[in-house]
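Atom set for the values below is all heavy atoms of this structure, side chains included, hydrogens, waters and symmetry mates excluded. Below, chains carry the letters A, B, ... as their sequence lines are ordered, and counting in each starts from 1.
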There are 2 protein chains.
Amino acid sequence: MNPDTPTSSQDAASAQAAWAGMQAFVTGHDRRRDLRVELDLGAGKAELLIKLAQAPMTLREIAQAVDVDPSAATVGVDRLERRGLVRRGAHPDDSRRKLVHLTEAGLRAAATAERILADPPPELAVLDPRDLAALTRIFATLNAGPSSAGAEAVAEPEAEAEQKPE
Amino acid sequence: MNPDTPTSSQDAASAQAAWAGMQAFVTGHDRRRDLRVELDLGAGKAELLIKLAQAPMTLREIAQAVDVDPSAATVGVDRLERRGLVRRGAHPDDSRRKLVHLTEAGLRAAATAERILADPPPELAVLDPRDLAALTRIFATLNAGPSSAGAEAVAEPEAEAEQKPE
DNA sequence: AACAATGATTGTTGCACAACAACTATTATT
DNA sequence: AATAATAGTTGTTGTGCAACAATCATTGTT
């Protein structure tokens, strides 16, 4: 065996250590409390608003995006509508479908959610610039893979303890 | 200005990119679904079992760890007890206090939860070993800081939608 | 035109979860 | 000994959330 090539068990141990480290770091800087405090929204709803800021979605698309029964999507959108954050509109091509748009308040809430989620922990700001560059490059590689769904965060389907993606 | 030293705005942008990348990666490999499917537990309860596997905790300690009212901790422990995962025992020094221990089933559940959470995404296993080593080193640094609560994941206080970290 | 499928909604049922107030038992303090 | 504080629990109130079945309106298929 090539002595310069680590064994697969060494790879596995390194992968596990790296995963544990990044999980602890990201989980340790969870932003759900901030989302709750500033927006009175859970992560799931906040991420949905961010998604809707990009383009309106149908109820089916929303149900699929957050992986719930369509009736749950209907009720969830009802709650956002009562908050004045979204509105339902007609679909241009198909009268069965509705399109969910953000309101002005919803756009502002989505921008706040993005700001909260995008704000890096202070530890990153004081990291050695070479390490920071390495992180950025490595995660760009990891997120570009086909098994990675894409750079944007996905809304959680659960209500935890477990209930809400809130 | 020292041309070898990036400006603080460059630092901020790099920190933000790094943060977005790692958040997307960790969030994109969320293990809550697996925890739900295999253990019928949310992340919060699963992490509590992992914590209890290390040492029993009082109700107050549990309430503080998950940042809820003591009555909510009581009810949460009730639910775990009904599942046969924990039991309450007497405190050796103070009869006001109860100690929550894991049962055999609870220990097995905690081990399963740890296995689920510790399993790295396949993308990490095929990463360049130097990148993997860099990630491990950088996160060890990030997690060692005083602002970092420690390497182990912290149970989330919400029940999201938001309800349960499940 | 008739029938099948789709999209959204309503109603039902069930469950999880939280804070607050009040309570009892126990320990700490005076 | 009397009082204050702590620990855990119970009851109450409120909210969020989900799946399922059934329904109606609309579009797609035959």
Can you list, pair by pair, the side-chain donor-acceptor contacts under 3.5 Å of residues 101-113 of chain A, counting residues two or more places apart and other chains?
residue: A:Thr103; atom: OG1; partner: A:Gly84; partner atom: O; Å: 2.6
residue: A:Thr103; atom: OG1; partner: A:Leu85; partner atom: O; Å: 3.1
residue: A:Thr103; atom: OG1; partner: A:Ala105; partner atom: N; Å: 3.4
residue: A:Thr103; atom: OG1; partner: A:Gly106; partner atom: N; Å: 3.0
residue: A:Thr112; atom: OG1; partner: A:Arg108; partner atom: O; Å: 3.1

Residues in salt bridge (charged side-chain N to carboxylate O under 4.0 Å, His left out) with A:Glu114, at least two apart? none

Output the rounded distance in Å from CG (B:Leu41) to C1' (C:dC15). 15 Å

Separation of B:Met57 atom CE from D:dA7 atom P, in whole Å? 14 Å

Against the side chain of A:Ala72, the closest entry in D:dG8, C:dA8, D:dA18 is D:dA18

Of the non-hydrogen atoms in A:Ala118 and B:Trp19, which two are nearest, and what is the gap between them? O-CD1, 3.4 Å

Report the residues that fulfil salt bridge (charged side-chain N to carboxylate O under 4.0 Å, His left out) with A:Glu61, sequence neighbours left out, ordered by chain and then residue number. none

Sequence neighbours left out, what passes salt bridge (charged side-chain N to carboxylate O under 4.0 Å, His left out) with B:Arg97? Give chain and number order. B:Asp94

Between A:Gln23 and B:His29, do the side chains contain an N or O donor and an N or O acceptor separated by less than 3.5 Å? no

I want to check one thing: is the phosphate of C:dT27, taken as OP1 and OP2, less than 4.0 Å away from some side-chain N or O of B:Ser95? yes

Enumerate all atom pairs, one protein N or O and one N or O from nucleotides 3-6 of chain D, separated by less than 3.5 Å.
residue: D:dT6; atom: O4'; partner: B:Arg96; partner atom: NH1; Å: 3.4
residue: D:dT6; atom: O2; partner: B:Arg96; partner atom: NH1; Å: 3.3

Residues forming a side-chain contact (heavy atoms from CB on, under 4.5 Å) with B:Arg82, sequence neighbours excluded: B:Asp78, B:Arg79

Does any residue of residues 76-92 of chain B have a heavy atom under 4.0 Å from DNA chain C, and if so, which ones, in number order? B:Arg79

Rounded to whole Å, the CG-P distance (B:Asp94 to D:dG8) equals 8 Å

For A:Asp131, side-chain contact (heavy atoms from CB on, under 4.5 Å) partners two or more places apart: A:Leu127, A:Asp128, B:Arg137, B:Ile138

Across the strands shown, which category fits A:Ser71 at heavy-atom distances under 4.0 angstrom: base, sugar-phosphate, nothing? base

Within this structure, what is the CG-to-P distance between B:Asp69 and D:dT13, rounded to whole angstrom? 17 Å

Atom pair distance, as rounded to whole Å: NZ in A:Lys45 and C1' in D:dA18: 12 Å

My understanding is that only residues two or more places apart in sequence, or in another chain, count here; which of them pass salt bridge (charged side-chain N to carboxylate O under 4.0 Å, His left out) with A:Arg60? none

